[in-house]
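Scope of the values below: all heavy atoms of this structure, side chains included, with no hydrogens, waters or symmetry mates. Chain A is the first sequence line, chain B the second, and so forth, proteins listed ahead of strands; every chain is numbered from 1.
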Amino acid sequence: MASLLGRFCRKLVVPGSAHGARMVSTTSSCGSETVKSLNLYSAINQALHIALETDPRSYVFGEDVGFGGVFRCTTGLAERFGKNRVFNTPLCEQGIVGFGIGLAAMGNRAVVEIQFADYIYPAFDQIVNEAAKFRYRSGNQFNCGGLTIRAPYGAVGHGGHYHSQSPEAFFCHVPGIKVVIPRSPREAKGLLLSSIRDPNPVVFFEPKWLYRQAVEEVPEHDYMIPLSEAEVIREGNDITLVGWGAQLTVMEQACLDAEKEGISCELIDLKTLLPWDKETVEASVKKTGRLLISHEAPVTGGFGAEISATILERCFLKLEAPVSRVCGLDTPFPLVFEPFYMPTKNKILDAIKSTVNY
Amino acid sequence: MALSRLSLRSNNPFLKPTATSLPPSTRRHVSTDTTPITIETAAPFTSHQCDAPSRSVSTSSAEILSFFRDMARMRRMEIAADSLYKAKMIRGFCHLYDGQEALAVGMEAAITRRDAIITSYRDHCTFLGRGGELVDAFSELMGRKRGCSDGKGGSMHFYKKDASFYGGHGIVGAQIPLGCGLAFAQKYSKEENVTFVLYGDGAANQGQLFEALNIAALWDLPAILVCENNHYGMGTATWRSAKSPAYFKRGDYVPGLKVDGMDVLAVKQACKFAKEHALKNGPIILEMDTYRYHGHSMSDPGSTYRTRDEVSGVRQVRDPIERVRKLLLSHDIATEKELKDMEKEVRKEVDDAVAQAKECPTPEASELFTNMYVKDCGVESFGADRKELKVTLP
C-alpha cells in the first residue's frame with residue numbers, strides 16, 4: 001500500500017528501436033537522412049507541421065490548440081499557418097467532430113483534436129453514424145476521408161476516471177473508420193502522416209503517458225508508415241505477444257524477464273487496430289503456437305477479444321494453449337487503485353509462464 | 001451621521017454603502033449580532049425576460065462576518081491544496097476555486113440544505129459550503145478512506161448526500177441535464193425545494209445545456225442554472241469561444257440575471273430571488289461574473305493565455321474577501337486586528353485538518369471492486385488474465 005501514491009513505474013525503453021528487428025517501415029533508407037532526438041509530442045508536432053505545409057487545404061482545430069494545446073502537440077502551428085487554418089473551437093465535442101466531417105466532405109483535410117479520449121463520447125454519434133457511413137450511404141458521391149481525429153488516451157499514473165481511459169474497442173466495432181495507435185515518436189510521426197493522408201476517416205489515439213517520457217531518433221523529413229501493417233518488433237519462438245501503444249513498453253519488459261527464464265517471446269505491434277493485420281499475427285502464432293494479448297482497457301469486450309477469436313479461427317490446430325488476455329480489470333478506471341487495475345509487467349510475465357507451461 | 005463619515009474613509013469605488021441602520025451600540029458585540037441591516041450591492045443586476053431584484057440586500061453583522069470567515073477558510077483550503085499537490089500528496093487533477101469563493105458562500109446564505117446543488121469538477125469550496133468538513137475534503141483529495149467519497153472519487157468527485165450536494169462531475173456540461181432531473185424529482189415531491197445547477201462558461205457551449213433548458217422550461221422545473229463565468233474555458237477566453245458571451249441571455253425564452261459574482265451580497269440576493277422565481281415560474285439562468293486566480297487546474301500554469309497583470313489586477317480590485325473585509329471595517333463591525341486573528345484561526349483550522357487527513361489510511365485494495373453494481377449483485381469480474389483471478393463482486 002505504501003507505493004499507492006506513485007510509483008507505477010514503467011521504464012522508458014522504447015520498444016523495437018534497440019533490437020535489430022525486421023523493420024517494416026517505409027522510411028527512405030538513403031543513408032543520409034537527418035534524424036533528431038524528439039519526444040512524442042514533438043514528433044506529432046512535426047507531423048502536423050508537415051501535413052499543413054504539404055496540403056494548403058488542411059486545418060487543425062480543437063479545444064485550446066491555438067496556444068499549443070494542453071500537451072503542446074500543436075505548438076507553433078497557429079503562428080506559422082495563421083488563425084484561419086489553426087484555430088480554437090468552443091467546448092463541444094459533438095459539434096467539433098460534426099464540423100470536421102462537414103469540412104472533410106468538401107474535400108479538405110480536417111485534423112480534429114479531442115482534448116482527452118475520455119471526452120470523445122459526445123462525438124460518438126457523429127463518428128459512428130455520420131463519419132463511418134458517409135461514403136457507404138451516398139453511394140460514393142460523398143466521403144469524409146479527409147477527417148482525422150486525434151485524442152490522447154491511456155493511463156498516466158494519476159489520471160483517474162476521466163483522464164486515463166482507453167476507448168479504442170468502441171471504435172473498432174465500426175466498419176468505415178480506421179483506428180490507429182502509435183507506440184513511439186518515430187512511429188507516431190509516420191503513422192499520423194499516413195492517417196491524415198489516408199482517404200478514410202481515422203481515429204488516432206496517442207498514448208499520453210509517452211508524450212514526454214518516450215524519446216527517440218526521428219527523421220526530419222516527410223515520411224509515412226503504412227496503415228494496417230503490423231510489425232514484429234522482437235522475434236521469438238515460444239509465444240506471440242500482441243499489443244499497441246504504451247502497453248508495448250510494459251510487454252517488452254516482460255519479454256526480457258521471460259527470456260531470463262528461457263522463454264523466447266515474439267512481440268508484435270499491431271499499430272492499426274481497424275482494419276488489423278491478421279496475416280502477420282497468424283503467421284507468428286502458427287510459428288509459436290501460443291498467443292497473449294495485452295491492453296489497458298477492461299478485459300471484457302476489449303479488442304483482445306476480437307484478436308483472440310480471429311486467431312482461434314485461423315490457427316486452431318496450431319495452438320498449444322488457450323489465448324491469454326492480460327488487460328485492465330472490469331472496473332471504471334480507478335483513481336487510487338490504478339496500480340492494481342493496470343496490466344503490469346508481472347501480470348504479463350505470470351500469464352506468459354502459465355501459457356507456456358499449459 | 002458618524003457612521004457615514006467613517007465609511008467615507010475607504011475610497012473604494014465598489015463600496016458605497018448608503019443608508020445603513022447599524023446602531024452604534026453594536027460595535028463590540030458584533031459576532032453575535034443578528035439585527036437586520038441593509039446594504040446596497042455595488043452594481044445593479046441586469047435582467048433578461050424578468051424584473052431584476054432590488055439592490056438592497058437584507059443581511060446582518062453576524063452574517064457578513066460569517067461570510068468573511070467562510071470565504072477565508074475556503075481560500076486557505078485551496079492554497080493548502082495547491083501546496084499538497086506540488087508536494088505530490090494530491091495526485092490526479094486538482095481544479096482550484098480561489099477567487100470564486102463569494103459564489104459558494106453567497107449561494108448558501110440564500111438557500112437551505114434541502115435545496116440541491118450540483119456542479120462541475122471545481123467543487124472543493126461548494127462542498128465546504130454545504131457543510132463539508134475540512135478533514136473530509138483533504139482526505140478525499142489525498143485518496144484516504146475518510147474522504148467524502150471514501151477516497152475513490154478524488155478532487156473532482158466530492159459528494160454529500162445529507163446536504164443534498166450531488167457533486168462533483170468530470171465531463172464538462174454532463175451535470176446540467178442531471179440537475180434538471182433532480183429538479184423534476186423535487187417538483188414531483190412538492191417539497192418546495194429547488195436545484196442549483198452550476199456550470200462554466202466553457203460548458204455553456206455544450207449542446208446538452210440547451211437540451212436541458214428546453215425540457216426544464218417546457219415542464220416548469222424548479223431548476224436554477226448558474227453559469228460561473230470566470231472568462232476562460234481552460235485556455236480559451238469567452239470572446240473567442242462564444243458568439244454571444246451574454247450567458248444569461250442564452251436561454252432565450254428562459255429568464256436570466258447577470259450578477260457580480262465577486263460580491264457575496266449580490267450573489268445572495270440573486271440566489272434568493274432565483275429560488276422564489278423558480279418555485280413559481282420554472283427555470284432561470286444566473287450568470288455570475290467571477291474569476292479564478294489559479295489556472296484551469298494544477299497542471300495549467302494559467303499564464304499562457306492571460307497576463308499576470310490581469311490576474312493581479314483582479315486580485316487588487318475585485319477580490320471577494322477583500323471587499324467583505326472593507327465592508328466590515330467601514331461599517332465598524334470588526335477591527336483589522338479581529339479580522340487578522342480570524343484569518344489566523346482559519347489557517348490553523350486548515351493546517352490541523354491537513355495534518356489529520358495525512359494520518360488517515362488509504363482504502364483497502366478490495367474497495368477497487370465495490371460499488372460498481374448494487375451490493376450482493378454477485379456479478380463476476382475478472383482479473384488481469386481472466387483465469388487466475390476471478391472476483392465475485394460484493
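Side chain of A:Asp64 to backbone of B:Gly235: a donor-acceptor contact under 3.5 angstrom is found.
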Residues A:His161, B:His157; criterion side chain to side chain contact (heavy atoms under 4.5 Å, CB included); working and verdict:
CA-CA 10 Å; A:His161 316 88; B:His157 307 288; 3.8 Å; yes

Run the side chain to side chain contact (heavy atoms under 4.5 Å, CB included) check on B:Leu368 and A:Thr331 step by step: do they pass?
CA-CA 8 Å; B:Leu368 170 55; A:Thr331 68; 3.9 Å; yes

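Looking at A:Glu93, both its backbone and its side chain come within 4.5 Å of chain B, counting heavy atoms on both sides. Neither the backbone nor the side chain of B:Ala174 comes within contact range of chain A; no heavy atom of the residue lies under 4.5 Å from a heavy atom of that chain. The contact between A:Pro332 and chain B is made by backbone and side chain atoms together, counting heavy-atom distances below 4.5 Å.
Here NE2 of B:His169 is found 8.5 Å from OH of A:Tyr162. Values are rounded to the nearest 0.5 Å. Taken from CD in A:Gln94 to CD in B:Gln208, the straight-line distance is 9.0 Å, to the nearest 0.5 Å.
Taking non-hydrogen atoms and a 4.5 Å limit, the residue list of residues 74-91 of chain A in contact with chain B, ordered by number, reads A:Asn88, A:Pro90, A:Leu91. Using a 4.5 Å cut-off between non-hydrogen atoms, no part of residues 287-297 of chain B approaches chain A.
Interface check for chain A: of the options B:Gly202, B:Gly170, B:Gly143, the most heavy-atom pairs under 4.5 Å are formed by B:Gly202.
In this structure, B:Tyr159 places its OH atom where more than 12 heavy-atom neighbours from other residues, nucleotides or ligands lie under 6.0 Å away. The local environment of CZ in B:Arg240 is crowded, with over 12 non-hydrogen atoms from other residues, nucleotides or ligands closer than 6.0 Å.
Aromatic ring orientation, B:Phe93 versus A:Phe116: perpendicular (interplanar angle above 60°, classes split at 30° and 60°).
When all heavy atoms of A:Phe337 and B:Glu364 are compared, the closest pair comes out as CE2-O, 3.2 Å.
Within the 4.5 Å cutoff, no side-chain heavy atoms of A:Tyr119 are placed close to those of B:Val172.
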